[in-house]
2 protein chains.
Amino acid sequence: MSKRITSQDVADLAGVSRTTVSFVLNNDQRFSIRPETAEKVRSAARQLGYYPNASARALASNQTKNIGLIISRGPQYVASDTFLPQIISGLLDALKQNSQGLLLEWVEPGQQLQTYLELTRAHHIDGLILMTPRLDDPGLKALEEADIPVVLMGTIPGSSLHSVDVDNLAAAETAVSHLIGLGHRRIACITNAATPYTSANQRLDGYKLALQKAGIAFDPQLVREADFDTQSGYKQMCSLLESDQDFSAVFVASDNVAVGAYSAIREAGLSIPEDISVVGFDDIPLASFICPTLTSVAVSGQEIAVESYNLLNRLMRGDLPESRSVILPTRLIPRQSSREIGRRAKKGSEKKSAQFVSCVNN
Amino acid sequence: MSKRITSQDVADLAGVSRTTVSFVLNNDQRFSIRPETAEKVRSAARQLGYYPNASARALASNQTKNIGLIISRGPQYVASDTFLPQIISGLLDALKQNSQGLLLEWVEPGQQLQTYLELTRAHHIDGLILMTPRLDDPGLKALEEADIPVVLMGTIPGSSLHSVDVDNLAAAETAVSHLIGLGHRRIACITNAATPYTSANQRLDGYKLALQKAGIAFDPQLVREADFDTQSGYKQMCSLLESDQDFSAVFVASDNVAVGAYSAIREAGLSIPEDISVVGFDDIPLASFICPTLTSVAVSGQEIAVESYNLLNRLMRGDLPESRSVILPTRLIPRQSSREIGRRAKKGSEKKSAQFVSCVNN
DNA sequence: TAATAAAACTAACGCGCGTTAATAGTTAGC
DNA sequence: GCTAACTATTAACGCGCGTTAGTTTTATTA
């Protein structure tokens, strides 16, 4: 292992002091350095392959140049989260432009407080983004009092933390209204997750609101609660099908979960959308490729990520935005999985056309 | 912002020196501390809510307690990577047990060297895992000479770096042999990515090897190159279908890509597996839920992650493993998408049974 | 009791860098 | 030619902690 190269080495080679090296390499405008001196320094640094030590820099400047992303979910749910890559991709892209790093962490229910304190107080990071927070998260107050900025990806009513989220309620209402507009009246609902996750709550509320506006009574028997992954969607759809409830459409508050529902519906010998219309949520890349293509609410994970980062960045710079929360728009993308009630295809011909129509037009 | 709490504060409150505090909190066995003193220190730390500053600790101990994961791909490909969450999940799980952190980064072709140097020389991290490295990565030699341990997730022939990978060649051979065993002779191939990615190369080689062993001539006209995502799978499958080549099966070296191929096949008015059998690779969670369920090669991203981490950890502890590379096993999971050639279902009955059979048995 | 060993604790330095306050050098004004 | 006003540079301190070498206290032995 070769000797570590420090700024002193650069200073020596350039024939200046360490301070000058620091000024030059950090482009510190408050001090004027003669151009030829600056060039000498830069050349020396290049020649030696000098890279300032991150820890030392962080210690001296009190800035780690890292931000943290906490996923509040167990690893088994992280593994099948098709939405996560979009978030990460958006964040990494934004971070790279500011040459900051991303420190990733997950936290299981029950250990939030410890994790948050450790992460914020030990100053591993300059700012924190908390993904899919739970209503019952006991560590949230700690974050409100943390000495670094925090942005929630999601909504916690009553929290003083800044947040970025899509308008889950409106989006869900639109989705369900779409089904109602197609003539459906008995519409089941499978949530994306358990109710401590606010997105699940809000989407369920949107479902109820749409029913109410259309004068349809809410029937709790038509509601099931999934758990992020496809398997849970399969199970809950089976549960709906096995109940003697009658319904012609289902609103599934997550595409991931909806794929499981597809599977259960087919297994029961039913067809989408002839027997049951399905509307999903998230518009994952696969939504336009599965068969039948899935009507869904488009949510851009990358956009959420970028907005969260921008908000966090403003907070880190100390400029407080006027509003505590950013709400991003969504739009419904109708595809093959939803159609008018009762329009059963004639066996053979129409079914074929439905199945073979282009699967990639969104 | 409240005054930051340092180990000196803890020492003062406990009535001991800072050194003692450090010994106690780090459980340093080389020095004996009277139990009551230790308790006094711990109690003081608890009372003050003391968390050692990460940067200071890193600077003094020369250990950041972070490892880096570099994804060598552009952000647009990261976003749709359904495999990434498994990797991350596996890593985070393993890391948490050692209370280490994960620093995530992506790197675009052309900027590898800079990124690697910055990350390793600036000592942001104690060790590095490089995901899906490219054969033509100009920064690899720099990693070989880096002053921190490096593990490749993937294979680079001739590199002196340690690596973890699945046996892509054998797996692909098994998959294609499975098709050959079903009577297929004209078998197309869509790679998972461009050839600078070794996994794509190796899987293609496995395809060729299986053909060769069965005495089937390799026909380059039957090969297409996809690009990680579903869209590219759709395009390449279209290209195959539009060519006047004749084939009864296709080996798609990535489930993600295979979903796109599904879509193209349906759009062409053909059926899986009646007209074309499909075998995928990766066994993503959705493979057993799409219709028809996808025959695939099971690869556990979490296992790859954990093995990579274990290997890296050994390197960080300085104990060199006997072998440079860890090769993980795979297994073929036959599902509905592959069947004997020519067994066209009778319209109606058998088709129905194929479509409606349970979609969740793997 | 004195001599010695072991246990318990601490003073002080260094990790590498940012930054302030002070110093040397240079130009402009009269 | 001398002060004033910059400009260019540096010495030196501090960030908070790990750790070595050394000091004090307690236990053990002769």
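The shown structure was predicted, so the numbers you read here are calculated from the model rather than taken from an experiment. Chain letters run A, B, ... following the sequence lines, proteins first, then strands; residues in each count from 1.
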Please table the atom pairs, donor to acceptor, closer than 3.5 Å between any side-chain atom in residues 19-31 of chain B and protein atoms at least two apart or in another chain.
| unit_1 | atom_1 | unit_2 | atom_2 | d |
| --- | --- | --- | --- | --- |
| B/Thr20 | OG1 | B/Ser17 | OG | 3.4 |
| B/Asn26 | ND2 | B/Ser22 | O | 3.4 |
| B/Asp28 | OD1 | B/Arg30 | N | 3.1 |
| B/Asp28 | OD1 | B/Arg30 | NE | 3.0 |
| B/Asp28 | OD2 | B/Arg30 | NH2 | 2.9 |

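Qualifying side-chain hydrogen bond (donor to acceptor under 3.5 Å, both in side chains) partners for B/Ser32, counting only residues two or more places apart in sequence or in other chains: none. Residues satisfying the salt bridge (Lys or Arg N to Asp or Glu O under 4.0 Å) test with B/Asp12, not counting sequence neighbours, are none. Residues meeting the ring pair (Phe, Tyr, Trp, His ring centres under 6.0 Å) test with B/Tyr309, sequence neighbours left out: none. In terms of the ring pair (Phe, Tyr, Trp, His ring centres under 6.0 Å) criterion, residue partners of B/Tyr197 (sequence neighbours excluded) are, by chain and number, B/Phe228. With sequence neighbours left out, B/Thr64 forms a side chain to side chain contact (heavy atoms under 4.5 Å, CB included) with A/Ser55, B/Ala58, B/Asn66, B/Asp126. Not counting sequence neighbours, the partners of B/Thr155 by the side-chain hydrogen bond (donor to acceptor under 3.5 Å, both in side chains) test are B/Asp165. A/Arg73 meets the salt bridge (Lys or Arg N to Asp or Glu O under 4.0 Å) test with A/Asp81; sequence neighbours excluded.
Rounded to an integer number of Å, the gap from CD of B/Glu36 to P of C/dA7 is 16 Å. Counting to the nearest Å, the P atom of C/dG25 and the CD1 atom of A/Ile33 are 16 Å from each other.
The salt bridge (charged side-chain N to carboxylate O under 4.0 Å, His left out) pairs that include a residue from residues 103-120 of chain B number zero, where partners must be two or more places apart or lie in different chains.
In this structure, B/Leu103 and B/Ile67 have side chains that are not in contact, with every pair of non-hydrogen atoms separated by 4.5 Å or more.
Near DNA chain C, meaning a heavy atom under 4.0 Å away, there are no residues from residues 118-127 of chain A.
The strand DNA chain C forms stems, runs of 3 or more Watson-Crick or G-U wobble pairs with distances below 3.5 Å, at C:4-29 with D:2-27.
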In 5'-to-3' order, the base (B), backbone-only (S) or no-contact (-) status of each nucleotide in nucleotides 12-19 of chain D, using a 4.0 angstrom heavy-atom cut-off, is B-BBBBBB
